2 protein chains.
Amino acid sequence: MLRLSKRVEYGLIALRHFASIEDHSVCTAKEISQRYNVPHELLAKVLQKLAQARIIQSYQGVRGGYVLLHNPKNIKISDVINAIELEKPMLAECFAQGPESCYIFDECTIRRPLGKIQRNINNFFHTMTIAEII
Amino acid sequence: MLRLSKRVEYGLIALRHFASIEDHSVCTAKEISQRYNVPHELLAKVLQKLAQARIIQSYQGVRGGYVLLHNPKNIKISDVINAIELEKPMLAECFAQGPESCYIFDECTIRRPLGKIQRNINNFFHTMTIAEII
DNA sequence: TAAAATACGACCATTTTTATCCGATTTTAT
DNA sequence: ATAAAATCGGATAAAAATGGTCGTATTTTA
């Protein structure tokens with residue numbers, strides 16, 4: 001319960017890696033997967049998502065790889081999560097998918113208090129950046 | 001990702017129910033399951049857990065059921081979660097199960113920052129009570 | 001032209017979560 | 001006594017989410 005996905009974990013590890021190396025040098029999925037002992041294929045998918053979200057830039061072909069596109073200070077944790085996950089990270093299903101998704105929506109009495117906790121978590125993800133995890 | 005379990009949701013709904021009725025009257029799992037349109041058997045198991053944790057008191061037999069044992073102000077959300085879930089609600093597996101559970105523990109670079117978020121969440125669960133969800 | 005890399009979809013395996021079922025026990029009321 | 005209504009708890013099934021792998025195509029460099 002309340003777990004972050006491995007995908008997000010791997011994404012954060014990768015972004016921290018990009019942010020911690022000096023010049024904006026290119027890193028490959030293979031390098032990162034070996035360095036941090038993370039499944040190559042899965043990491044590759046995560047990096048592709050980050051590239052689609054314009055958080056990193058991809059270069060195909062031999063000597064290709066990825067580079068960071070922004071200052072780590074400007075990459076929020078929420079940006080990373082949103083890039084990687086299809087669904088927003090929400091405590092309750094209805095927060096992510098709306099009233100129709102919940103068959104006890106009308107009888108539910110805990111939505112408001114959970115919403116309070118949710119806002120707190122959202123705020124954290126929205127405030128914290130990659131610069132703070134280096 | 002980051003979801004609360006249905007078990008915890010049902011537990012909170014039930015406790016809010018107990019806390020919102022006036023006198024400390026007895027409620028059965030059946031009553032609550034019908035009132036809030038929640039699966040009876042699953043709710044029953046959750047209530048059993050809450051009873052084992054001495055958050056509510058169970059009475060067996062005809063006209064049995066459960067009553068709240070404490071002032072809602074003194075029942076923390078964290079108490080409820082700990083009673084219902086075997087494992088602590090943690091963002092990362094290693095936070096709940098220790099270093100041995102994680103095969104990239106030594107290479108992991110995001111433990112500290114995630115710990116910061118975790119403490120924030122923990123603090124919320126530890127501070128908020130059932131009184132605040134009525 | 002071969003090699004090394006990303007791109008992307010499909011798929012499978014595992015784990016977690018949710019839900020149900022069943023038999024046992026307890027207690028009350030008839 | 002007996003039946004009914006409730007909790008207790010173990011077992012299990014069903015469903016969903018997650019993690020991981022595979023294969024093929026494309027791109028780019030040497």
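By convention in this document, chain letters (A, B, ...) are assigned in the order of the sequence lines, proteins followed by strands, and residues within each chain are numbered from 1. Quick caveat, the model's predicted, so the values are computed rather than measured.
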Would you kindly give the CD1-to-P distance between Ile84(B) and dT18(C), to the nearest whole Å?
11 Å
Only one of Asp106(B), Ile104(B), Thr109(B) passes side-chain contact (heavy atoms from CB on, under 4.5 Å) with Tyr36(A), and that residue is Thr109(B)
Covered region of DNA chain D, 5' end to 3' end, by chain A [heavy atoms, under 4.0 Å]:
dG19(D) to dA30(D)
For DNA chain D, which residues of residues 53-65 of chain B approach it to below 4.0 angstrom with any heavy atom?
Ser58(B), Tyr59(B), Gln60(B), Gly61(B), Val62(B), Gly65(B)
Rounded to the Å, how far apart are Met1(A) CE and dT18(C) C1'?
15 Å
Contact class for Gln52(A) vs. all strands (heavy atom < 4.0 Å): base, sugar-phosphate, or nothing?
sugar-phosphate
Tell me which residues in residues 26-46 of chain A put a heavy atom below 4.0 Å from DNA chain D, sorted by number, or none.
Pro39(A), Glu41(A), Leu42(A), Lys45(A)
Between Tyr59(A) and Val67(A), is any pair of side-chain heavy atoms under 4.5 Å apart?
yes
Between C1' of dT20(C) and CD of Gln48(B), the distance in whole Å
14 Å
Qualifying residues under salt bridge (charged side-chain N to carboxylate O under 4.0 Å, His left out), relative to Glu85(B), sequence neighbours excluded
none
Can you check whether Tyr103(A)'s main-chain N or O pairs, donor with acceptor, with Asn37(B)'s side chain at less than 3.5 Å?
yes
Can you tell me how far the NE2 atom of His40(B) sits from the OG1 atom of Thr28(B), to the nearest 0.5 Å?
7.0 Å
Sidechain-backbone polar pair: Arg111(A) side chain, Phe105(A) backbone, donor-acceptor under 3.5 Å
yes
Are Leu69(A) and Ile77(A) connected, step by step, through hydrophobic side chains (Ile, Leu, Val, Met, Phe, Trp, Tyr) whose heavy atoms are closer than 4.5 Å?
no
Given atom OH of Tyr103(A) and atom C1' of dT18(C), what is their separation to the nearest angstrom?
9 Å
Please name all residues satisfying salt bridge (charged side-chain N to carboxylate O under 4.0 Å, His left out) with Glu87(B), sequence neighbours left out, ordered by chain then number.
Arg3(A)
Min side-chain heavy-atom separation Ile130(A)-Leu15(A) under 4.5 Å
yes
Residue list, salt bridge (charged side-chain N to carboxylate O under 4.0 Å, His left out) with Lys116(B), at least two apart or on another chain
Glu132(A)
Within a 6.0 Å radius of atom NE2 on His126(A), are there more than 12 heavy atoms belonging to other residues, nucleotides or ligands?
no
